[in-house]
Every structure is written in C-alpha cells, then in structure tokens.
Student: 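Right, I'll just put the structure down here and ask away after.
Atoms considered below: every heavy atom in the structure, side chains included; atoms not considered: hydrogens, waters and symmetry mates. Just so it is clear, the structure is predicted and the values come from calculations on it, not from any experiment.
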Amino acid sequence: MNSMQIRRTGITVAAAVLLPFSLAACSDASGDAKAAPAAAGDAARAGESTRGDAMTMDQPFGPACAGVPKEGAGSFDGMAKDPVATAASNNPALSTLVAAVKRAGLVDTLNNAKEITVFAPTNDAFAKIPKADLDKVLADKATLTKILTYHVVGRRLTPEQLGNGSFETLEKGMVTTKGSGEAYTVNGTAGVVCGNVKTANANVYIVDTVLMPK
C-alpha cells in the first residue's frame with residue numbers, strides 16, 4: 001500500500017469515528033434549545049402562581065362575603081371608595097350598626113379618622129342582645145359611645161396581624177384576636193364572618209357578635 005492510499009484510509013477512519021460524536025452534539029444542542037423555553041415557561045407559571053396567591057391573600061374572605069352586592073356603592077369596590085361610616089351605610093347587613101353610630105354622633109368621627117380598623121357587628125349580632133337591653137343601650141349615648149368605640153382600633157390591621165394579636169381600641173380597652181387563614185375570632189367569642197374589607201380609611205372585619213368593653 002502506497003502513502004497516498006494510507007492517507008485516504010486514515011481520513012475515512014477518522015470521519016467514521018468523529019461523525020457519531022458530531023451528530024450527538026447537534027442532538028444535545030437541540031435538546032438544550034427546547035429545554036430553555038420550557039424552563040422559562042415554568043418560571044413564568046410559578047411567578048403567576050405567586051402573584052395569584054398574593055392577590056388572594058389581600059381579598060375579602062369569609063362566608064358572609066357572599067352576601068355583599070356585586071356592584072354599586074355596597075359592593076367591595078364601592079365601599080373602597082367611601083370612608084367607613086358611609087361605606088357601612090351601603091351594606092344592608094350593617095344597618096343596626098349604622099343606626100347606632102348615628103345615635104352616638106360618631107359618623108364624622110369615623111369618616112374623618114385616618115387608617116383605622118373597625119370590627120363591625122352584623123344585624124344578627126345585635127339581635128343576640130335582648131331587645132330591652134339593646135333599647136336601653138341605644139338610649140344611653142355615653143354607654144353606646146363606649147361600646148362602639150371599643151370596636152375601633154387606631155390603625156389598619158391585616159389578617160396576618162390578627163393571628164395572635166392584642167390591640168388598644170379608641171375606647172382605651174384592649175381586644176385580642178386569634179386565628180389563621182380565613183378563620184379568626186375577636187375576644188374569643190366573636191367570629192369574623194367577612195374580613196379584610198377595605199374602605200377609603202379603614203380595614204373592616206364584620207363580626208357575628210357585639211364586643212363588650214370590660
């Protein structure tokens with residue numbers, strides 16, 4: 001075999017050896033190219049999930065929220081535009097509370113307050129009080145004012161802060177809160193039935209029992 005044949009044979013063998021590796025490299029590169037968009041898609045979906053969870057945590061929660069109108073001044077969007085006493089007046093489930101606030105002369109006090117939290121008893125909460133006792137309280141402005149201001153904390157409270165909290169009220173007494181997720185109680189007896197409702201100047205937690213100062 002002459003030198004020319006040897007060189008041709010060497011080139012042929014080298015090509016046979018290197019070709020599979022070249023094809024494998026191309027295949028890997030193609031796989032990487034496909035994997036990159038998939039990874040990017042996973043990251044995007046994870047980001048959307050995180051944003052969705054954050055939005056959910058900031059929304060009103062609780063069984064009584066289903067009774068809030070979907071549109072108009074009494075809806076969650078509508079209440080967010082009004083100060084708290086005005087917003088409450090647009091919610092039919094809080095009509096007894098609103099009447100009590102008017103009798104106590106606290107409408108302007110609540111509407112002009114900055115960044116507060118209101119634990120707002122429903123009509124059913126007031127109905128738990130014997131009528132004779134409730135009428136007596138409603139007729140006594142000093143006592144009524146004491147009870148109503150006991151439902152107000154001088155700063156906005158988030159659901160997370162209610163997990164195990166103790167807060168001074170405008171009445172100067174203390175309320176305690178416990179719970180997690182969408183289940184919270186105030187003073188161990190009042191359950192939050194619709195929480196984290198936003199108004200222009202307050203966070204509102206609608207409760208199923210009237211709170212009584214000690």
Side-chain angles (χ1 to χ4, degrees), residues 60-70 72-76 78-79 82-113 116-154 157 159 162 165-179 182-214:
F61 62 84
C65 292
V68 174
K70 303 299 182 185
S75 67
F76 291 128
M79 286 190 286
D82 291 324
V84 65
T86 301
S89 70
N90 293 318
N91 187 326
L94 300 177
S95 60
T96 304
L97 173 63
V98 171
V101 168
K102 289 179 179 178
R103 286 201 182 194
L106 293 174
V107 172
D108 289 341
T109 299
L110 293 177
N111 276 348
N112 294 326
I116 59 176
T117 293
V118 177
F119 296 103
T122 62
N123 296 343
D124 289 341
F126 281 100
K128 292 180 181 180
I129 303 173
K131 187 177 185 306
D133 294 340
L134 180 58
D135 289 344
K136 184 177 179 180
V137 168
L138 292 174
D140 184 341
K141 185 174 180 179
T143 300
L144 182 59
T145 299
K146 182 179 178 69
I147 292 173
L148 293 177
T149 53
Y150 183 66
H151 289 73
V152 184
V153 173
L157 299 176
L162 300 187
S166 181
F167 310 100
E168 184 178 21
T169 69
L170 296 191
E171 183 268 337
K172 301 303 181 184
M174 302 294 293
V175 293
T176 58
T177 59
K178 291 186 182 299
E182 296 187 356
Y184 296 92
T185 59
V186 185
N187 287 355
T189 57
V192 174
V193 294
C194 184
N196 205 31
V197 179
K198 307 292 178 59
T199 76
N201 67 328
N203 287 357
V204 178
Y205 295 88
I206 301 174
V207 294
D208 62 6
T209 303
V210 177
L211 306 175
M212 292 296 181
K214 299 176 182 179

Student: Looking only at side-chain N and O atoms, does Asn203 offer a donor or acceptor that is under 3.5 Å from a partner on Thr117?
Tutor: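 Judged by distance alone, the side chains do not pair up.
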Student: How close do Gly195 and Cys65 get, heavy atom to heavy atom, and via which atoms?
Tutor: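 In this case the closest contact between Gly195 and Cys65 is N-SG, 4.2 Å.
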Student: When you compare the side chain of Asp208 with that of Asp124, does any pair of heavy atoms fall below 4.5 Å?
Tutor: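 They are not in side-chain contact.
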Student: Working to the nearest 0.5 angstrom, can you tell me the gap between Asp140 CG and Asp135 CG?
Tutor: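 If we round to the nearest 0.5 Å, Asp140:CG and Asp135:CG are 12.5 Å apart.
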Student: Does any part of the side chain of Met79, heavy atoms only, come nearer than 4.5 Å to the side chain of Val68, both counted from C-beta?
Tutor: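 Val68 reaches Met79 side chain to side chain.
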Student: Looking at every heavy atom in both Ala73 and Asn90, which two are closest together, and how far apart are they?
Tutor: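 So the two residues come closest at CB-ND2, 3.5 Å.
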Student: Could you give the distance from CD1 (Ile129) to CE (Met212), rounded to the nearest 0.5 Å?
Tutor: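 Between atom CD1 of Ile129 and atom CE of Met212 there are 4.0 Å.
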Student: Do the side chains of His151 and Val175 get nearer than 4.5 Å, heavy atoms only?
Tutor: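 They are not in side-chain contact.
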Student: Could you report the tightest heavy-atom contact between Val210 and Pro121, atom names first, then the distance?
Tutor: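 Smallest heavy-atom distance, with atoms named: CG2-CB, 3.9 Å.
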Student: Between CG of Leu97 and CG of Asn91, what distance do you get to the nearest 0.5 Å?
Tutor: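 One gets 9.5 Å once the value is rounded to the nearest 0.5 Å.
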Student: Got a donor-acceptor contact below 3.5 angstrom from the Tyr205 side chain to the Tyr184 backbone?
Tutor: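 Absent.
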Student: Counting neighbours of NZ on Lys128 that are heavy atoms of other residues, nucleotides or ligands and sit closer than 6.0 Å, is the number greater than 12?
Tutor: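 It does: Lys128 NZ has more than 12 such atoms within range.
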Student: Show the nearest heavy-atom pair for residues Ala104 and Leu148, with the distance to one decimal.
Tutor: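 Smallest interatomic distance, heavy atoms only, reads CB-CD1, 3.8 Å.
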Student: Between the side chain of Asn201 and the main-chain N/O of Pro83, is any donor-acceptor distance below 3.5 Å?
Tutor: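 Side chain of Asn201 to backbone of Pro83, a donor-acceptor pair under 3.5 Å: no, none is there.
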Student: Output the distance between atom OG1 (Thr86) and atom CG (Asn111), rounded to the nearest 0.5 Å.
Tutor: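 Here the rounded value is 4.0 Å.
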Student: Can you check whether Thr169 reaches Val152 side chain to side chain, under 4.5 Å on heavy atoms?
Tutor: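 With C-beta onward as the side chain, the pair stays apart.
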Student: Once you round to the nearest 0.5 Å, how far does CE of Met174 lie from OH of Tyr150?
Tutor: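 With rounding to 0.5 Å, CE (Met174) is 9.0 Å from OH (Tyr150).
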Student: Heavy atoms only: give me the nearest Val207-Ala190 pair and the separation to one decimal.
Tutor: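 For Val207 versus Ala190, the nearest heavy atoms are CB-CB, 4.2 Å.
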Student: Kindly compute the distance separating OG1 (Thr189) from CG (Leu211), expressed to the nearest 0.5 Å.
Tutor: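 The distance works out to 6.5 Å.
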Student: Do Thr199 and Asp82 come close enough that some side-chain heavy atom pair is under 4.5 Å?
Tutor: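 No, their side chains stay 4.5 Å or more apart.
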Student: Side chain of Asn123, backbone of Pro92: donor and acceptor closer than 3.5 Å?
Tutor: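 At least one qualifying donor-acceptor pair exists.
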Student: I want to check something: taking the side chain as every heavy atom from C-beta on, are Phe119 and Thr209 in contact at a cut-off of under 4.5 Å?
Tutor: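 Contact flag for Phe119/Thr209 side chains = no.
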Student: Are the side chain of Asn196 and the backbone of Phe61 linked by a donor-acceptor contact shorter than 3.5 Å?
Tutor: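 Checking the backbone N and O of Phe61 against the side chain of Asn196, no donor-acceptor pair under 3.5 Å is found.
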Student: With a 4.5 Å limit on heavy-atom distance, are the side chains of Pro213 and Ile147 in contact?
Tutor: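 When only atoms from C-beta onward are counted, Ile147 and Pro213 do touch, with a gap below 4.5 Å.
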Student: Return the minimal non-hydrogen interatomic distance between Gly72 and Ser75, and the atom names on each side.
Tutor: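 Heavy-atom minimum between the residues: O-OG, 2.6 Å.
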